[in-house]
Every structure is written in C-alpha cells, then in structure tokens.
Amino acid sequence: MDQDYERRLLRQINHQNLPEDQLSKSEGATCSPVSIKSGDRFIPTRAGSNWSINFHYANENCQSPNQNRRSKDAGSDTGKDAVAYAALLRNELLGAGIESVPDPHADDRRHTVLSQDTHSLFRYTVHTKRVPLDSSSEVSPYSLSPLSNKSHKLLRSPRKPARKISKIPFKVLDAPELQDDFYLNLVDWSAGNLLSVGLGACVYLWSACTSQVTRLCDLSVDGDSVTSVCWNERGSLVAVGTHKGYVQIWDAAGGRKLTSLEGHSARVGALAWNGEQLSSGSRDRVILQRDVRTPPSAERRLQGHRQEVCGLKWSPDHQHLASGGNDNKLLVWNSSSLLPVQQYSDHLAAVKAIAWSPHQHGLLVSGGGTADRCLRFWNTLTGQALQSTDTGSQVCNLAWSKHANELVSTHGYSQNQILVWKYPSLTQVAKLTGHSYRVLYLAVSPDGEAIVTGAGDETLRFWNVFSKTRCTKESKSVLNLFTRIR
C-alpha cells in the first residue's frame, strides 16, 4: 500500500474516533493516535455494545414463553450445569470476571456490563494482558489450561447440592367413593399422624405409622353423607360435616360421637378449628362459629357471602379467619366482629383454596377456580394486594411448607397437576402429575415433609415435596414480604 495513502486513511480514522470537543485540537495533530498505542494490525474492539446481554438472550429470544419458564426451572443438575457453563463462556469470551456460579432462581436480567466510555463502535488498538492484583490466587505458569484465573475460581466455587423431588408418589391408596366435588373437603391429616378420609357416607382413619385402617362412623343409617372432615390442633377430635347440615364431633381414640351440632340448613363443605372453637361454612351462605365446650346456643353467625362457603382457614396467631365462597369473594374476619374486616374481589371464580403463611405475619394466599386460575397474595395487615400469577388451571387447594418459604398447589381443569412454588420469586420448584381427575383434596403430614392428594379417580397419593431445611432470615423479613412486586 502506498505510504501517503496509508497516512491519509489513518488520519481520517483517528479524526472520526475523537470526541467532538477534541476535533478542533486534533486538526493539526499527526496521523498517529494521540493516546492509543497502535500496531500493525486493525483489531476491532466492540466495547460500546452490551454483548453480554445479547449473548444471554441469544437462545431465549428463539424460545416460546413456556420453554423459557421450563429453562428457568433449575431444580435439576442439567439446569445448574447450564448456568455454570454460561458463566464460564462469559468469562472467556466477554471478560465478565464471574468467580461464583450465580443463583439459578435469580433474575439474570439484573446483570450489568461495565464497559469503557467510548463514542465509536470500532476502535483499533493493541491489547496488553493485565497482571491480576491478587497474585496468590493466580493460575500456575506451568498450567496447560486455557482458562483464565477467574474461570478457575468459578469452577472451584462451592455449589449447593441439587434438591431432587421425586415425581413418583411413595405410596398410593385406593379410596372408593371419593367424591369428585370441588366444594367439599374430605381429607385431613392429624397431629397424631392419622389420616381421615370421607368416602360416601363413612369416615375412615388410616394410620401412617401402622397402615391400619379403621372406620370411624357410618352416616348411611340416617340417610346422610360426609361433605367435610377436619382435625383439631391436638389431633384428638375430628369434626365431620354432613350433607344435611349437621356438624358431628368424634373422639378418634374412643371411636365415639361426642355431640352433633345443628344450625345449617344445607350441606357443610368447609370446617376450621381455632383452639376449642369450630367454624363451619355451608351452602346456606352462613359461617357458624361455636365453642364445643359450651351449649350449642352460644354461637356466632357470620354473614357476608352471597353463595356457598367453600373455604375456611384460621391464621396461625388465631386472630383472623379467612373465608372463600362461590361468589368469587375472599373475606377476612376477626375474632370479635360479625362483619368482615377485609374483602377482596379480584378473583374471577370460586375461592376454595386458602392458606396463611406460617413464616410471615399477615400473608394470605388464595386460588381461584376454572375461570380465574390465579394465585393471589395479600397483605392482610394493610389490605394490600401483593402479587399474582396465572397457573393455567383451576386451583383446588393450597398449603405452605412448615420449614421453608415454599407452598404447594393442587389443580383441576385442565392439567390435574401438583405444583411446588418458591416464594416470593414464584419459581416452580417441581411439577407432579399422576392423577387422572381434578386434584381436589390436599393435606400436609405433621412433620411437614410429605403431602397427600386425593382426586375423583378414587386414589390417595403420597408425595415427598418439602424438606426440613429452615428458611433464611432474609425470607422471613417482613420488609421483603410486603414490597409490592409489579
């Protein structure tokens, strides 16, 4: 190449790369760059572009939303290996300097790129290798590995052991005549490790310790049937709601009926104990609250729903009762008022699934029916709606883990699945399938590790979904809980 032509070309390139405030100063400058060391080759450096972000979204943009959701489910070793591999590529190709494997559940969109301040896309310079400040952790000069020092730290960083949730139930029991009715609650697990199940006109008790089955009662003599069962906190008494509107209290150990409570004019589909007090919700739209130690006349009538009451749950502090109805309403009552103190109307279908968080005071989650399909979280201390997510199918039941900030939801139309969620990220930890009908019934074992699900396919399936690992202090923080997620 002609030397004069090469000088003119270099002068033009350097003139274009300089900022505007230095253009006037560079008119009389020489043809070589002012502060940039040049070589005999033109090597473009694209420091002005966020290549790290483009690299991260290269494959995501080609996938559907369902595929992206599955790719973020990092519950398997393959998912975590993919995260580590992506971090390794960023180190080697982009100089990201990542020294530890990022949390797979964290939002990768929060990563920022520290790039040099430049006004041009291309710049021609000679790169010199910088010596790391921490020479003690430098890779040995005799190492044959092509990886950088940061990548070696990344590969040596400790990794959390992968949590594996079996997708196969560890026990399956036949449950003939288990009704396929969304508004009933026919399964409950006691503190004494006894499972009560309402099958047709009978209530059966199954011992998780001995696998022995006993029949507690038979309502067919009175021409009645079981519509709900619920254990008290001690696990000594079981309440049985009937189709004719009665609530019977049974002593499980003695196998005898203690009392039968009247007051409802239609079936009792929801029951909830609060110490020695028992709340019952009925198709007659009334909630009755009675103390089993006092005469039946001493009762509180709570009227707020316009259709059948299908969900009842007391808060862990025994101060508030949450009720869900077929009128798409979620109501919160206190222990003294006859009117609801809070009312939530965001659901578009019946609200049966209700659960109070045992970890964070005032946190309530509810799930809607087929026309709604959403999980919604509420701060009952302020009446604020926190966040919601569309599950894609009817929400039939909800339960929190006793040890970690996780919850499980069971679903009906149209996927009949069981989902384990991590809160507050709402990441799906596991998806369990096996029931051929709607998973209408759910109960948690007294140790908090296993759950039992029941469906209209007349089976009870037992799953190990929760661990005994305690949640961290950050997940228990009230400040983290009640931050609105938009």
Side-chain angles (χ1 to χ4, degrees), residues 270-275 277 279-281 285-289 300-369 371-391 394-401 405-409 421-426 471 473-486:
L271 296 169
W273 286 88
N274 184 28
Q277 294 182 345
S279 300
S280 56
R285 303 170 294 178
V286 177
I287 301 173
L288 294 182
Q289 187 171 328
R300 295 176 62 233
R301 297 178 64 91
L302 307 180
Q303 296 179 320
H305 289 283
R306 296 183 177 180
Q307 294 189 38
E308 180 174 5
V309 180
C310 49
L312 286 177
K313 285 292 170 60
W314 277 95
S315 61
D317 60 0
H318 307 285
Q319 298 300 314
H320 293 89
L321 173 67
S323 64
N326 198 36
D327 56 358
N328 309 345
K329 298 292 191 299
L330 174 66
L331 306 182
V332 178
W333 316 75
N334 60 22
S335 57
S336 58
S337 175
L338 297 179
L339 297 176
V341 294
Q342 290 178 2
Q343 177 174 323
Y344 303 104
S345 306
D346 293 5
H347 284 290
L348 303 177
V351 182
K352 176 194 176 185
I354 303 172
W356 293 88
S357 171
H359 312 292
Q360 296 155 338
H361 181 57
L363 173 61
L364 177 65
V365 58
S366 58
D372 184 74
R373 308 182 306 273
C374 290
L375 294 182
R376 300 184 184 274
F377 295 82
W378 316 92
N379 176 359
T380 60
L381 302 180
T382 63
Q384 179 185 20
L386 296 177
Q387 59 189 119
S388 65
T389 182
D390 190 343
T391 65
Q394 178 188 42
V395 184
C396 301
N397 260 302
L398 288 167
W400 287 89
S401 168
N405 217 3
E406 297 178 347
L407 69 155
V408 60
S409 59
W421 305 84
K422 194 176 185 65
Y423 185 82
S425 63
L426 294 184
C471 52
K473 292 183 179 179
E474 288 78 4
S475 63
K476 290 183 179 181
S477 171
V478 177
L479 295 179
N480 290 343
L481 162 66
F482 294 125
T483 300
R484 180 186 288 270
I485 300 179
R486 300 184 182 275

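Only heavy atoms go into these numbers, but all of them, side chains included; no hydrogens, no water, no symmetry mates. Positions are given from 1 along the sequence.
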Problem set entry | Residue pair L364, L330: steps toward the side-chain contact (heavy atoms from CB on, under 4.5 Å) verdict | CA-CA 10 Å; L364 177 65; L330 174 66; 3.9 Å; yes
For this session: Go through W356 and D317 one step at a time and tell me if the side-chain contact (heavy atoms from CB on, under 4.5 Å) criterion holds.
Result: CA-CA 10 Å; W356 293 88; D317 60 0; over 6 Å; no
Problem set entry | Working for side-chain contact (heavy atoms from CB on, under 4.5 Å), residues L426 and F377 | CA-CA 11 Å; L426 294 184; F377 295 82; 3.6 Å; yes
For this session: Please report the C-alpha distance between V351 and K329 in whole Å, then the side-chain angles of each, then the deciding distance to 0.1 Å, and finally whether the side-chain contact (heavy atoms from CB on, under 4.5 Å) criterion is met.
Result: CA-CA 7 Å; V351 182; K329 298 292 191 299; over 6 Å; no
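For the pair D327 and G304, the tightest heavy-atom approach, listed with the atom from each and the gap, is OD2-O, 4.5 Å. Of all heavy-atom pairs between C396 and K352, the closest is O-CD, 3.5 Å. Contact detail for D372 and D346: the closest heavy-atom pair is OD1-O, 4.2 Å. Scanning all heavy atoms of the two residues, the minimum distance from P358 to S401 falls at CG-O, 3.6 Å. For the pair A349 and G369, the tightest heavy-atom approach, listed with the atom from each and the gap, is CB-N, 3.5 Å. Contact detail for R301 and L338: the closest heavy-atom pair is O-CD2, 4.0 Å.
A side-chain donor-acceptor contact under 3.5 Å links N326 and Q307.
Side chain of N334 to main chain of S337: a donor-acceptor pair is present (N/O by atom type, distance under 3.5 Å, no hydrogens or angles). Side-chain N or O atoms of Q342 include one that pairs as donor or acceptor with a backbone N or O of T380 at under 3.5 Å. Here the side chain of S280 pairs no donor or acceptor atom with the backbone of L271 at under 3.5 angstrom. One N or O on the side chain of N328 and one on the backbone of A350 form a donor-acceptor pair closer than 3.5 Å. Between the side chain of H359 and the backbone N or O of E406, no donor-acceptor pair lies under 3.5 Å. Between the side chain of W421 and the backbone N or O of S409, no donor-acceptor pair lies under 3.5 Å.
Heavy atoms from other residues, nucleotides or ligands lying under 6.0 Å from CZ of R285 number 12 at most.
For the atom pair CH2 of W378 and CG of L363, the computed distance is 12.0 Å after rounding to the nearest 0.5 Å. Here CG of L312 is found 7.0 Å from CD1 of I354. Values are rounded to the nearest 0.5 Å. To the nearest 0.5 Å, atoms CD (Q360) and CH2 (W400) are separated by 6.5 Å. The line from CD of Q303 to CD1 of I287 is 10.0 Å long, rounded to the nearest 0.5 Å. Atom CG of residue L321 and atom OG of residue S335 lie 10.0 Å apart, to the nearest 0.5 angstrom. Distance CD/Q289 to CG/L302: 6.0 Å, rounded to 0.5 Å.
The ring pair (Phe, Tyr, Trp, His ring centres under 6.0 Å) pairs that include a residue from residues 303-333 number zero, where partners must be two or more places apart or lie in different chains.
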